[in-house]
Amino acid sequence: CTGRKKRVLLDEQVWQEASTGFEVLARFPSNNLTMLKCELLLGGRRHQIRRHLQSCSHPIVGDAEYGNFAVNRVLRRSYGLSRIFL
């Protein structure tokens, strides 16, 4: 993803655009991880960055709700990961 735009549900009937910008700061190919700088361009909705990253197959490490559960389990067991990496 170069950035993500998505419609988010505000309540039962109202949708609003949400946009998040991403910049790659570092890549860690041996672990298949990337460090990103994220910016809320439009919206600022709850979980917006987490949802946008998950929707383009780049979930945040340690994210129990939107993350990669298998990877999080391995990192928790191997390295004691106990929180989301934000």
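Values below: all heavy atoms of this structure, side chains included; hydrogens, waters and symmetry mates excluded. We're numbering straight along the sequence, starting at 1. Note that this is a predicted model, so its numbers are computed, not measured.
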Colleague: Can you give me the closest heavy-atom contact between P59 and S57, atom names plus distance?
Modeller: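 Residues P59 and S57, closest heavy atoms: CD-C, 3.5 Å.
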Colleague: When I60 is tested against each of L36, L53, N72 for side-chain contact (heavy atoms from CB on, under 4.5 Å), which residue passes?
Modeller: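 Running side-chain contact (heavy atoms from CB on, under 4.5 Å) over L36, L53, N72 with I60 returns exactly one hit, L53.
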Colleague: May I ask you to list the residues sharing a hydrophobic cluster with L41, side-chain cutoff 4.5 Å, ordered by chain and number?
Modeller: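 None; L41 is a cluster of one.
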Colleague: Only counting residues at least two apart or in another chain, list the ones meeting side-chain hydrogen bond (donor to acceptor under 3.5 Å, both in side chains) with D63.
Modeller: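 By the side-chain hydrogen bond (donor to acceptor under 3.5 Å, both in side chains) rule, D63 matches R50.
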Colleague: Please tell me if the side chains of H58 and F22 come closer than 4.5 Å, counting only heavy atoms from C-beta onward.
Modeller: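 They are not in contact (no side-chain heavy atoms under 4.5 Å apart), so the answer is no.
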Colleague: Side chains of V61 and I84: closer than 4.5 Å at any heavy-atom pair?
Modeller: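 With C-beta onward as the side chain, the pair stays apart.
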Colleague: Report yes or no: do L40 and L25 belong to one cluster of Ile/Leu/Val/Met/Phe/Trp/Tyr joined by side chain heavy-atom distances under 4.5 Å?
Modeller: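 Each belongs to a different hydrophobic cluster.
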Colleague: Quick check: is F85 connected to I49 through a chain of hydrophobic side chains (ILVMFWY, heavy atoms under 4.5 Å apart)?
Modeller: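 In one cluster: no.
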Colleague: State whether the side chain of Q48 and the backbone N or O of L42 hold a donor-acceptor pair below 3.5 Å, judged by distance alone.
Modeller: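 The answer is yes, because a donor-acceptor pair under 3.5 Å joins these two groups.
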Colleague: Give me the atom names and distance for the closest heavy-atom approach of V71 to N68.
Modeller: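 Closest heavy-atom pair between V71 and N68: N-OD1, 3.1 Å.
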Colleague: What are the two closest heavy atoms between F28 and M35, and how far apart are they?
Modeller: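 Closest approach of F28 to M35: CE1-CB, 4.1 Å.
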Colleague: What is the minimum heavy-atom distance between T20 and C38, and which atoms define it?
Modeller: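 Minimum heavy-atom separation between T20 and C38: CG2-CB, 4.5 Å.
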Colleague: With sequence neighbours excluded, give me every salt bridge (Lys or Arg N to Asp or Glu O under 4.0 Å) pair touching residues 19-30.
Modeller: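 Matches after skipping sequence neighbours: none remain.
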